[in-house]
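Quick note: residue numbers are just sequence positions, from 1. For ligands, and for the atoms within them, numbers begin at 1 and follow the listed sequence. Computed from a predicted structure; not experimentally measured.
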Amino acid sequence: MQIKIAPSILSADFSAVGEAVKNLEKCGADLIHCDVMDGSFVGPITFGGQMIKNIRPLTKLPLDVHLMIEHPKTQIKFFADAGADIITVHYGACEKISPDYLRETLELIKSHGVKCGAVVNPDVPVEKIFPVFPLCDMVLLMSVFPGYGGQKFIPEVLDKVKLARARAIEIGKPDMDIEIDGGVTGQNAKIIRSAGANVLVAGSAVFNAPDMKKAISNLKN
Ligand code: DX5
Ligand code: ZN
């Protein structure tokens, strides 16, 4: 499977995000990963739909919007209208509202013509989101606890990647995107990929590198 690199603008200088996005496209990124945090589901607050709207005209790359927020259903319209290409929502934010909330949110995303995905934290079994795999364009397996960039990769996620890929094959979606987010580096990209993931989010590994283009190509190869 073709590997895709999704640099996270969480690691960009927020006073120059537009420049960063244009630069990422030039340097070979495949998607732009946008980390939306609400100060409640996770501690920090980052940005909302206005950011997505403002960067939308600056790149042809898909905007991969990772919602780390409570009550995600209430926000889908804003992010879809702003130009998100894919929106992912956390199982943990949904299941505390109701057993059907995750499915309903994914359906709502799709009704806006936007791709959708479900996310699980490192301490949640991937089997919890198996029921929504048929609906998902992507599943995102967190390899750190969400909230901050620059954390250390939790290797236990690799078994979950294998289970997720096997399940995707089982339901006739062998090419479903499986994304890994957190602590991805040039050193662990290969084992992540061999486990069956094909979309790698990278914040610090790209933004802290002296040469962004080289960093992206290292992650790809
Ligand atoms: C963590 C975010 C990640 C983060 C990854 O809550 O979801 O996307 O930016 O950053 P690194 O690659 O530095 O771990
Ligand atoms: Zn993320």
*asked:* Please determine whether the number of non-hydrogen atoms from other residues, nucleotides or ligands lying under 6.0 Å from atom NZ of Lys152 exceeds 12.
replied: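 Counting neighbours around NZ of Lys152, 12 or fewer heavy atoms of other residues, nucleotides or ligands fall under 6.0 Å, so no.
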*To the nearest 10 degrees, calculate the angle at the Zn ion (ligand 2) involving ND1 of His66 and OD2 of Asp181.*
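If I round to 10°, I get 90°.
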Among all protein heavy atoms, pick the one closest to [atom] and tell me residue, atom and distance.
atom: atom 14 (O) of ligand 1; result: Gly183 N, 2.8 Å
atom: atom 3 (C) of ligand 1; result: Asp181 OD1, 2.9 Å
atom: atom 1 (C) of ligand 1; result: Tyr148 O, 3.6 Å

_Pairwise side-chain hydrogen bond (donor to acceptor under 3.5 Å, both in side chains) hits with a residue in residues 126-146, at least two apart_ =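 For residues 126-146, and leaving out neighbouring residues, the side-chain hydrogen bond (donor to acceptor under 3.5 Å, both in side chains) pairs sorted by first residue read Lys110-Asp137.
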*Could you tell me how the ring of His33 sits relative to the ring of His66: parallel (under 30°), tilted (30 to 60°) or perpendicular (over 60°)?*
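The rings of His33 and His66 sit tilted, inter-plane angle from 30° to 60°.
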Output the distance between atom [atom1] ([X]) and atom [atom2] ([Y]), rounded to the nearest 0.5 Å.
X: Ile9; Y: Met51; atom1: CD1; atom2: CE; answer: 5.0 Å
X: Met68; Y: Phe145; atom1: CE; atom2: CZ; answer: 14.0 Å
X: Ile180; Y: Asn188; atom1: CD1; atom2: CG; answer: 9.5 Å

*Transitive ILVMFWY side-chain link Leu140 to Ile5, under 4.5 Å*: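 Different clusters: Leu140 never reaches Ile5 through Ile, Leu, Val, Met, Phe, Trp or Tyr contacts under 4.5 Å.
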*Among the clusters formed by ILVMFWY side chains lying less than 4.5 Å apart, do Met212 and Phe14 turn up in the same one?*
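Same cluster: Met212 reaches Phe14 through Ile, Leu, Val, Met, Phe, Trp or Tyr contacts under 4.5 Å.
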Would one find an N or O of [X], backbone or side chain, under 3.5 Å from an N or O of ligand 1?
X: Gly203; value: yes
X: Gly149; value: no
X: Gly147; value: yes
X: Val144; value: no
X: Ser204; value: yes

What atoms of ligand 1 come within less than 4.0 Å of a heavy atom belonging to [X]?
X: His66; value: 7 (O)
X: Pro146; value: 6 (O)
X: Met68; value: 6 (O), 7 (O)
X: Met37; value: 6 (O)
X: His33; value: 8 (O)
X: Ala202; value: 12 (O)
X: Val201; value: 8 (O)

*asked:* Could you check whether Lys22 pairs with Glu25 (Lys NZ or Arg NE/NH1/NH2 to Asp/Glu carboxylate O, under 4.0 Å)?
replied: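 The answer is no: the pair does not qualify as a salt bridge.
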_Non-hydrogen atom of Gly182 closer than 4.0 Å to ligand 1_ =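 Yes, Gly182 has heavy atoms under 4.0 Å from ligand 1.
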*Determine whether Asp177 and Lys4 make a side-chain contact, defined as any pair of heavy atoms from C-beta on separated by less than 4.5 Å.*
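Answer yes - side chains close enough.
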*Show your working on salt bridge (Lys or Arg N to Asp or Glu O under 4.0 Å) between Asp81 and Lys53 and close with a plain yes or no.*
CA-CA 8 Å; Asp81 289 351; Lys53 193 173 173 181; over 6 Å; no
*With the Zn ion (ligand 2) as the point of reference, which N/O/S atom of Asp35 is the closest?*
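That would be atom OD1.
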